[in-house]
Every structure is written in C-alpha cells, then in structure tokens.
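Comments concern the structure below.
Side chains are part of it too, since the values below use all heavy atoms of this structure and drop only hydrogens, waters and symmetry mates. Chain letters run A, B, ... following the sequence lines, proteins first, then strands; residues in each count from 1.
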Amino acid sequence: MSHDDFPTDRPAVVTCGLPYATGDLHVGHLRTYISGDVLSRALDTLGQNNAFVSGTDMHGTPVAVQAAKEGVDPETYALRLHEKYADTFPEFGIEFDNYSHTHDETNAELTREFVRAWIDNDHVYEKEIEVAWDPEVDEPLPDRFVEGTCPYCGEKARGDECDEGCQRHLEPGEIEDPTSTLTGNPAEYRTRSHKFLRLNDFKEYLGEFLDRLEGTSNARNQPREWVEGELQDLCITRDMDWGIDYPGESEEDLVLYVWVDAPIEYVASTKQYSERVGSDEYDWERAWKEDGEIVHIIGRDIIQHHTVFWPAMLRGAGYNEPRAVMASGFVNLNGKAFSTSRNRAIWADDYLEEGFHPDLLRYYLVTAGGFQQDVDFAWDRFQERVNGELVGTVGNFWYRSLLFAYRNYEGTPDAELSTEVRDRIEDAIAEFREGLNDYSLRETGAAATRLARFGNEYIQRNEPWKLEAESDEARQVIRDCVQIAKAVGVLIEPIAPGKAQALWDQLAEDGSVHDARLEAALAAPPRKFDEPDELFEKIEDDRVAELEAKLEERVASFDDGESSEDAEEGDGETGEAGGDADLEPLLADRIGFEEFQDLDIRVGRIEVAEGIEGADDLARLEVDVGLERRQVVAGIKQLHDLSELPGEKCILLANMEPAELFGVESNGMILAAGDEADLLTTHGDAEPGERIR
RNA sequence: UGCGGGAUAGGAUAAUGGCAGUCCACGGGGCUCAUAUCCCCGAGAUCCAGGUUCGACUCCUGGUCCCGCAACCA
C-alpha cells in the first residue's frame, strides 16, 4: 500500500463485507455493495488498476441451524442464497470482478495456508476452555446462543457479555443458570480444546497500523481502546461440522471460526479474478502480498473485525495490510431502524418490482448523507431527490442541450470548446478526484451535479434560443453545452452507470462509458447524433402515497395490532431505541364508569416467582391478594430477576378469565408498563387485597 | 461507572478561534429552448449549562439525546 493519491501504479483491491447466507438482501445491505461498486468504478475512471471482489459467507452456526430447520444440508442451503445474491447484485449495477463464496475450494485452500503460516510463525496456541452445550440437539452453543444470569449484577445476560446490566465481558463458563436460546433447555458446559491466535503478538503493530489507516475516522478510532488495552486472543476454532477444517494436527471435529475464513475470501476472490484474466492484467499476489492498495468497504458494525483481527491475520501470514477501511452508517426507514423480523424493510426485490431504475437508488444512497452517517430512506425523500436532482438538474440539462443540438445541428456544432467551459469542466474533474481521494463518494456525485447545475445556468445565461442558429455565437454555446453534458456523464457514471451509458449512446459515442477515463470529459463529442430521449422520469405524488401506504400496511399486518405506531408517518419524530418505545396514540373510544367498575383490580404481594420450564418468557407467580393466594402466569421471565420479586407489591387484574399457558393455570393478570414490563406497584402502604378504583 | 462516532434552519451538508456559507424544501417576483430552468427578494439554525478569549459551531469542564461496540447483523 501507499499513501499516494489515486491513481497509483500499484494494483488496488476494493472489497465489500461478505453477505451472510441467512436471509434476503435489503436496501441497507445494498448501501455497502453500491458504495463498493461506486468506488471501484470511480477508480476505473481515474485509471487505477483495480479489482472489485466479494463473496458469500457460507459458514457458521446460524447457517447450519437455519439449514436444519429447512431440512437441507448447510451447503445446499447456503448455495441457494449465494446464487440469489449473485443474481441480485448485477440488477443494481453492482458488477464484481469476481464474486465467489467461502466454501469454494480456492478459499478453503488459501485459508488453510493462512492458518499454517500462523502456526509456523508461532502465533497459535492451544487452550482448554469451557464450551456451552445444548444437550438436546447435542450441539455446542456459541456465546450468543446462551443466556443466563450475570454473576456480578444478577441481571439477565448473554453468554459473552452482561448486555443489559453491568456491561461486563463474561468469559465462557461464568454465566449462571445458562440456558440455550435454541431450545430453551438448560445448557451444559463441556471442556474442549481450542486454538487461539495470539493477537497480543500484534499489539504494537496494530497501533501503528491504525495510525496510518485511511478511510473513515470511526474505523481508525473505534478499535483504539482494544489495541491499547489488553487484547483478548482470538479463538479461531469451533466445535462444528460445517466450516473449513482446522489444518493442523488431526483435530477431527474442529472447524475454523467463520471470521477466519470470511475475510480470507477477499484474497481468494481476488486470486480467482487474477487467474481468470491473467496476472498481466491483474496481479493478485502483488496486491495482497506486496504493495497493493487494499480498500475494505463494510458496515460500521464490523469495524473491529477489519481493523484488529484481519490486519493481525494478514500480518501473521506475511501479507500486505489494508490501506483504507470505509465503515458506512446504516440505512433507516422513515427515521427508524430496519427490522427484518417485523418486515419493516425495503427489500431488494421490492424495489425492483416497483419498476424503479437501480441508478435512482444508487444515487440516493450514495449522496443522501456522509458515508459514516446513517441515512434515512423514505419514499417521499427519495422522490424529492430524484425529481429535484436527477430529473430537474441532470436529466433536464442533458435533454435540453442534446435536443437543442439535434434540432439545429443534428449533433454537436462545429466550434472550439470555450475557455470558460473547459476551465469549469477541469474544476469538476479536480473535485471528483479530490472527493475520491478523501473517500467521499457523495462528493464525486456532487461534482457531477454541480457541473450540471452550471450547465443549466450557462445555457440560460447565453440564451441560444434567442440567437440565430447559424451564428458562431450559437454554435459556441451549444458546443459547450454538449461538452458539459458529456462530462457530467463521465463523472456520474460510477453512481449512475446505466443512465450514463444511455447518454453515451444518445451522443453516439463509440464503446462504453464504463471504459471512459477522466480525459474523456474534455474530448470532443461526435459530430452527428440522433434525437435524444428524456433519461429520467419524474416520480408522481400519488405513486409515493401508494408506496408509503403499501409499506405501512405490510408493517401493520406484521405488528398484529400490538403497536400501531409504525403505521403512522414518522414526521419529526426522532428515532427511538432502548426502552423508550414510541407511544401508542390515546384511544379515542371512551368507556363509561360502569365499564371501569367491571375491572376488579387489586393490590397484591408476590410470594413466589419462578420461570416456567420450556417457555422463553413466562413466569409462574403466586400472589397474595388478601383473601386468597392466586397463581398467575406473566410474560416477565426475561425482563425481571425472578429471585428478587417475592415480597414485592404488585397490581393484579383479579377478574381476568382463567387461562392455561404452558400447562399452568393463570388466574389474573399482573399489570406492567411498556415493552420492558415495568411492574406497577403502589406508592404508599396499601395492603394486599385493597381494591383499586 | 467504559470505548468510539454523532448533534448547525423543516431535511442534508460547510466554516486554521474571526461576517454562520451552500443545496433541497417554503413565501414573493421575473425569464422560458427544456420533464421547466435560471435570476432576484424573503423567512428560517449552532443540543443544554458553565468557563477560556477582544472574539467560540470550533478550545476546556459538566450534562442531555441519538447510533454502534469482540454474536449470524450493512
């Protein structure tokens, strides 16, 4: 790698974080892949030798679990998704030079080479650890599949971290009352021997690496804490069948951790590309082992993997290091996070089925905000950007210029490019180049739209429609405008490759705009071309209303009436997170006093609280309501420390119909507020049995 | 009680400590080759509380809110 401005005379690699084979792609995922594609195309435009690669991440427990659920083997399952992804990307103009998957032999072989190199360089050691195990399915449980009680603060916690309580990191085996989230059964611990990559060998190196890393600032800063403190060595093996076998001495049932073979796929995929086109055209070994410019494009949730584990892995095997990591923000929907489980998302297929050109989404996602910022997707904002910038500014300028040129000159009029316009295009080229070297993709787009805006201003200022068509002055103005139109096409090609090619065709340019370099922006357009068409279409208001309604309907049907707030416009409300769910609207239907009187609400005291075996959320409570002791089932197992509840006062709806849940009879309903089930109680000294009115 | 990122007008984005600028949207006026553009005018902003300073969006202290943080997570 180097710190020279692009283009350099070294091979570059642009990678995108691997999509994980467990679900469909939505526009949030697409942001990463579109950004990678834009960067790669922009580097092409600069004349940088580069490869754009990625692949599907096929290994790991979740794939195996998901496959088992569907009754197929993991490979079949993962390959099906792999093919789906491989088909989807080109539909958005995302054209990898190579797109493979981690189960491919190239990757398996290369991964084993990496691991052997670590072993040879003495970076790997073996240690016995306690592994959580689900006795029913006889599978080891990765940390995330274990829940229990934090030994420090007593809160409910995940296997690896007390995520809701004291935030402490938990070592395997520390958590109390471990249960499997797969089956709800108590988890066992078994002693297993595992392999570790000694990250501490690279501690000093990683600090220096972060100092020179380019890309987004979050990628440089976030891992600092780890690198400066005590690094936990990385456990690189798992007790599983599905994955790449650990290559050392015969450890039959150990496979490599997915985060080992996943990033190596970047290298494997590049190697495949190189082998396909020949090393004269692209030299993967130079790129990865010597001085290539490696740029990783990822979501900001996997920064650590790319700035700590991965550079250590490369270093340990004697490879080159990344030059830049660009960690993007997320995409929100109407101001709130996507929720795939509630179908609150715009799926890749949905977008295409609506008939929108992929370039519109590409433009929106790349220019809607800073790269490390979260961007909001909303159909009305999408409409605003498309109509204002692509239709109004770029499309309108392209069409009016080419139409005027066609009508009066049947192509580009015979005149020299004016100095003013030449200078302005050169400025735009410089802005594009500087933007790219700042890793600001939106700036490359802004350079193009600003130039189109200048074009509109230029044609307006010179009013060629008021001039004699055959006059030198009119020829000059239109020649300039056609040149600007062409230059905008060259500069916007990375973001809108389809539309840029359409313009190229209208200009009767030979070849592909994708091969055009920056110099093409100043090269004369063809003398003759045909009547142009409008390249961007307006999105009408009723179309937007329809799209919004469709989305609301879908989300609402998933919500099952439990929280209808999602069906509302997200007007002005800031995003929510944590326990503060958006408030449900107050009910408009009023009830009479008599109806209220029908509710027999009592003060109670919890005497017994225990989880119901086999149920995720349910707890069995015995509540003293003065006159008698009631057994009640409440969905609070996950939300409260049951051992602390006895003795607490609560509020009970006593005349609730009896119900049987998980074989346990429930005779009443404990009142609690919100998603976190904040239990209602009394402020004063009301005794169990007292009525609430 | 931790770490990182963020908070500037309705939205998006700028400002070595020195006139808070730009784009979209909004109100008013003009121009018209084009799917309407461009020009002119107008309204509108630095998360809060202190401090340093001649001067603070910027630096310092304290706080609030949002997002993420060794999982399958873009």
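In this entry the distance linking CG of A:D374 with C1' of B:rA74 reads 11 Å, nearest Å. Per the geometry, NE2 belonging to A:H305 stands 13 Å off C1' belonging to B:rA74, to the nearest Å.
With sequence neighbours excluded, the residues that form a side chain to side chain contact (heavy atoms under 4.5 Å, CB included) with A:Q506 are A:L402, A:P532, A:D533, A:L535. Scored by the side chain to side chain contact (heavy atoms under 4.5 Å, CB included) test, A:T393 finds A:A452, A:R453, A:N456 as partners (sequence neighbours excluded). Listed by chain and number, the residues in a side-chain hydrogen bond (donor to acceptor under 3.5 Å, both in side chains) with A:T15 are A:H296 (sequence neighbours excluded). Residues meeting the side chain to side chain contact (heavy atoms under 4.5 Å, CB included) test with A:T444, sequence neighbours left out: A:F432, A:L436, A:I495. Applying the side-chain hydrogen bond (donor to acceptor under 3.5 Å, both in side chains) rule to A:S471 yields no partners; only residues at least two apart in sequence or on another chain are considered. With sequence neighbours excluded, no residue forms a side-chain hydrogen bond (donor to acceptor under 3.5 Å, both in side chains) with A:D427. Annotation: side chain to side chain contact (heavy atoms under 4.5 Å, CB included) contacts of A:S35 (sequence neighbours excluded): A:R31, A:I297, A:F371, A:L441.
Counting any heavy atom pair closer than 4.0 Å across all strands shown, A:L199 reaches no nucleic acid atom. Among the atoms of the strands shown, none is found under 4.0 Å from any heavy atom of A:G23. Using a 4.0 Å heavy-atom cutoff across all strands shown, A:V331 reaches at least one base atom of the nucleic acid. Looking at heavy-atom distances under 4.0 Å, A:R442 makes contact with sugar-phosphate atoms alone, never a base.
Checking B:rG68, B:rC72, B:rA12 against the side-chain heavy atoms of A:V258 singles out B:rC72 as nearest. For A:F309, the side-chain atoms get nearest to B:rA70 when compared with the rest of B:rA74, B:rA70, B:rC73. Checking B:rU35, B:rA74, B:rA25 against every side-chain atom of A:Y399, the shortest atom distance belongs to B:rU35. Among the nucleotides B:rU35, B:rA34, B:rC72, the one closest to any side-chain atom of A:Y257 is B:rC72.
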Kindly give the atom pairs (protein nitrogen or oxygen, nucleotide nitrogen or oxygen) under 3.5 Å for nucleotides 37-41 of chain B.
unit_1	atom_1	unit_2	atom_2	d
B:rU37	O2'	A:R400	NH1	3.0
B:rU37	O2	A:Q460	OE1	3.2

Can you tabulate the close N/O pairs, meaning under 3.5 Å, that link protein atoms to atoms of nucleotides 3-5 of chain B?
unit_1	atom_1	unit_2	atom_2	d
B:rC3	O4'	A:E225	OE2	3.4
B:rC3	O2'	A:E225	OE1	3.3
B:rG5	OP1	A:N221	ND2	3.0

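Pair assignment for B:rG62: B:rC48, on the basis of Watson-Crick or G-U wobble contacts that are both within less than 3.5 Å. Base pairing analysis places B:rC3 opposite B:rG68; the two distances defining the Watson-Crick or G-U wobble pair are each below 3.5 Å.
Stacking is found between A:W465 and the pyrimidine-like six-membered ring of the B:rC33 base under the 5.5 Å centre-distance and 30° plane-angle cut-offs.
For the pair A:R315 and A:F202, the cation-pi test (distance below 6.0 Å, angle within 45°) is failed.
Remark: the backbone N or O of A:F52 is not paired with any side-chain donor or acceptor of A:S40 at under 3.5 angstrom.
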